[in-house]
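Okay, so here's the structure we're looking at.
Because the structure is a prediction, the values reported are computed rather than measured. Here is the naming used below: chain letters follow the sequence lines, and residue numbers restart at 1 for every chain.
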Amino acid sequence: MSFFEILRFAVGGVTANKLRSALTMLGILIGVGAVILLVAVGNGSAKQITDRIAAMGSSTVTVQSTSRGTTGGITLETAKALKDPVLAPNVKTVSPVINATSSTMTYQGSDHAVPQFIGTYPSYFAASNTPVGSGTAFTDEDLAQGRRLVVIGQTVAETLFPGTNPVGAEVTVSGALFTVIGVLDEKSSSSGFQDANDVVVAPLTAVQQVLTGYGPVNSVIVEATSAAKVTDAQAEVATILDQRLKVTPTTTGNSASSTPYRIQNAAQLLETQTQTASTFTVLLGAVAGISLLVGGIGITNIMLVTVTERTREIGIRKALGAPRRVILTQFLVEATMLSLIGGGLGVAMALIGSQFTIVGVKPVIVPSSIVLALGVSVAIGLFFGSVPASRAAGLRPIDALRYE
Amino acid sequence: MSALTGPKPVLDVRELTKVYGEGEAIVQALRGVSLLVTQGDYVAIMGSSGSGKSTLMNILGCLDVPSRGQYLLDGVDVSRLNENQLALIRNRRIGFVFQSFNLIPRTSAMANVELPLAYAGVKSAERRRRAMAALDRVGLADRADHQPNQLSGGQQQRVAVARALVTEPALVLADEPTGNLDSRSTDDVLAVFDQLSEAGRTIVLITHEPEVGDRAKRLIKLFDGQISSDVRQDGAPHGGRLEDQQTILMERLR
């Protein structure tokens, strides 16, 4: 008997009881679909975290001054020295940052205490990945002239200028008049303890003149020429700083606790967060594994019931002279069809489902989860579809016929 | 005796025993049954429940195996055959009709009748032609596309008979084929068996009903797993089991 004939028998067997076949496929569909979608949601949220971190700028190195007081620490001169085409070829820009903490900004009688009043260079906007949304950033000339200009964050804009365009407005900070020239784009404030949008950025020179005086800088944001050069840039910066601050280089690269500065790069931050994300994925994988198990048991059930129910039919077929091999092949093909169609529909359902945002997460399909879910389901379907069929086909026809 | 050119035996059963169960719960279904059926014969086997007639039938149909004894079908010792050869025997040599019809559910009458041919590897067009011919023979050509649950009991049994005939088997076995049928359907089915017998088919059937047994050429009665009487009914009944056995024995010797 040709395989084509057996295939026709199998199609007949599947279509003979449409409800049962549909339910079997539904069971497999749900099993496969749920696993793929669940893993996709987990992967999507992990990816979301990574994306947020990447948004902070992956090619920057932050040098923070750890010494207290006005003596020591990183002076503006030291910061400027970090931009050295010979000693530090991988450094693209250097933006010293001074933070005039708790400055109060006043506009037409309303006050707003700004937790982060940053004085810096124009290169800060690009390096720290905080682009200006409306209006403009200040320029190198503004910096040189010490013009009193500010670019404000979204929170500041909403508090002081509700419903109006803040660009061009004049605000008072500690008695000095500043002109708002731009508003920053909204930033996701996922990491950190404070609102990343509650910030004001002004030229360094102006902030020094009016607010902080000419002390050391709080930190320096160093932008590397590319993300791949971050580690090189970090080493170069460390070398220059050690030289300048007369630190004996006990460790290379990252600083020991005795040094008056601390270097952090986004890659290190990324690493920590990726570890968190992968823990999350493992957790969801475990959930997915359990649903695969439950789905598998469902498939097992329906396959066992289906084949047991048809033991009598197998007996009839044997009495009519069907060889064992033909019966086995028929049931194997039937199980394959049900598993593959059900599994395929499950994959399709998961792919469609992943187009939607689920509880605020955009699912990202993991290809290996498709292979795993489909493979396991089809294997279970085949095993529990063919093993009872094989047992029934091995019975004497009379025993199979008498089976209740 | 004119047995020199006598028909050759189709069924040759020697000292068949069948035991079910073990230990305390042992049941002797057959206690040494010997039987010879020649080509073209029409044999009815009667007996009360538990006389072992269904067991005998299942063994004759190669659905079950005897505990002891020999069974030669067309001169071939069935116990020496493997699983695949047995499947082949069931497919080519035997047409089996069950009391409970045993049609495959949700499958058309045509497909049911085609089934043995499909297992025999007959091509699709040829299969349809022969299945149609077999259905026509039992008077159900117009019901070919109906599923078993759309047919009456008598019609279902005639489909089952058509299925048993379609491979042109040497032997047609029927296990109480009219047991589940009313009198009209019984007549329909028996008419088919009569035609088959006239056409020279070898038929062995089991029945409870004397009027069914009366139609056969030879009537065998089973009691407690043994043959209690064996009578020829075509005009001159044979004197009994022993005499008949002797006749057959002599036929065999020649």
Side-chain angles (χ1 to χ4, degrees), chain A residues 1-24 305-331 333-334 338 389-404, chain B residues 18 20 29 54-66 82-108 110-124 127 147-149 160 163-164 166-167 169 173 175:
Chain A
M1 200 174 162
S2 71
F3 183 74
F4 180 70
E5 289 282 348
I6 302 175
L7 202 67
R8 269 189 41 192
F9 274 15
V11 172
V14 167
T15 51
N17 195 333
K18 293 189 178 62
L19 181 67
R20 188 181 60 199
S21 302
L23 283 176
T24 311
V305 168
T306 301
V307 176
T308 312
E309 195 188 271
R310 291 175 69 186
T311 301
R312 204 178 147 80
E313 183 191 321
I314 291 175
I316 299 173
R317 288 179 185 275
K318 286 206 79 173
L320 296 179
R324 189 190 154 106
R325 181 185 54 82
V326 171
I327 292 178
L328 265 185
T329 314
Q330 179 190 339
F331 275 75
V333 171
E334 280 187 30
L338 290 176
S390 158
R391 203 198 56 211
L395 290 175
R396 266 182 226 146
I398 195 67
D399 293 330
L401 277 172
R402 285 206 189 113
Y403 194 89
E404 291 298 330
Chain B
K18 177 72 183 176
Y20 288 114
S54 280
T55 305
L56 177 63
M57 203 55 151
N58 291 334
I59 293 171
L60 294 183
C62 295
L63 303 180
D64 207 347
V65 290
N82 66 21
E83 174 75 12
N84 277 335
Q85 290 168 319
L86 274 178
L88 212 62
I89 290 277
R90 286 195 285 265
N91 187 247
R92 307 282 166 89
R93 294 262 173 262
I94 300 168
F96 207 105
V97 180
F98 299 89
Q99 180 178 1
S100 50
F101 322 140
N102 277 348
L103 297 178
I104 293 187
R106 303 181 202 87
T107 306
S108 72
M110 182 62 134
N112 262 292
V113 176
E114 274 186 43
L115 206 54
L117 293 177
Y119 287 131
V122 177
K123 288 272 180 295
S124 182
R127 218 158 65 197
Q147 296 193 352
N149 59 2
R163 186 177 66 181
V166 78
T167 51
L173 299 174
D175 186 355

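- Between the CD1 atom of A:Ile316 and the CG atom of B:Asn112 there is a distance of 8.0 Å, given to the nearest 0.5 Å.
- Judged by distance alone, the side chains of A:Arg312 and B:Asn102 do bring a donor and an acceptor atom under 3.5 Å apart.
- In this structure A:Arg310 satisfies the salt bridge (charged side-chain N to carboxylate O under 4.0 Å, His left out) test together with A:Glu313, A:Glu334, sequence neighbours excluded.
- Comment: B:Arg127 engages A:Glu5 in a salt bridge, judged by a side-chain N to carboxylate O separation of less than 4.0 angstrom.
- Counting heavy atoms from C-beta on, the side chains of B:Ser124 and A:Arg8 come closer than 4.5 Å.
- Contact annotation: the side chain of B:Leu63 never approaches that of A:Arg402 to less than 4.5 Å [non-hydrogen atoms, C-beta and beyond].
- If you measure heavy-atom distances from A:Asp399 to chain B, you find no contacts under 4.5 Å at all.
- A:Arg396 places a side-chain heavy atom less than 4.5 Å from the side chain of B:Val65.
- Among residues two or more places apart in sequence or in another chain, the ring pair (Phe, Tyr, Trp, His ring centres under 6.0 Å) test is passed with B:Phe98 by B:Phe96.
- Under the 4.5 Å side-chain criterion, counting only non-hydrogen atoms from C-beta, A:Arg317 is in contact with B:Ile104.
- For B:Arg90 (side chain) and A:Lys318 (main-chain N/O), a donor-acceptor pair under 3.5 Å exists by modelled atom type.
- Taking chain B as the reference chain and counting heavy-atom pairs below 4.5 Å, the highest number among A:Gly12, A:Gly315, A:Gly321 is found for A:Gly321.
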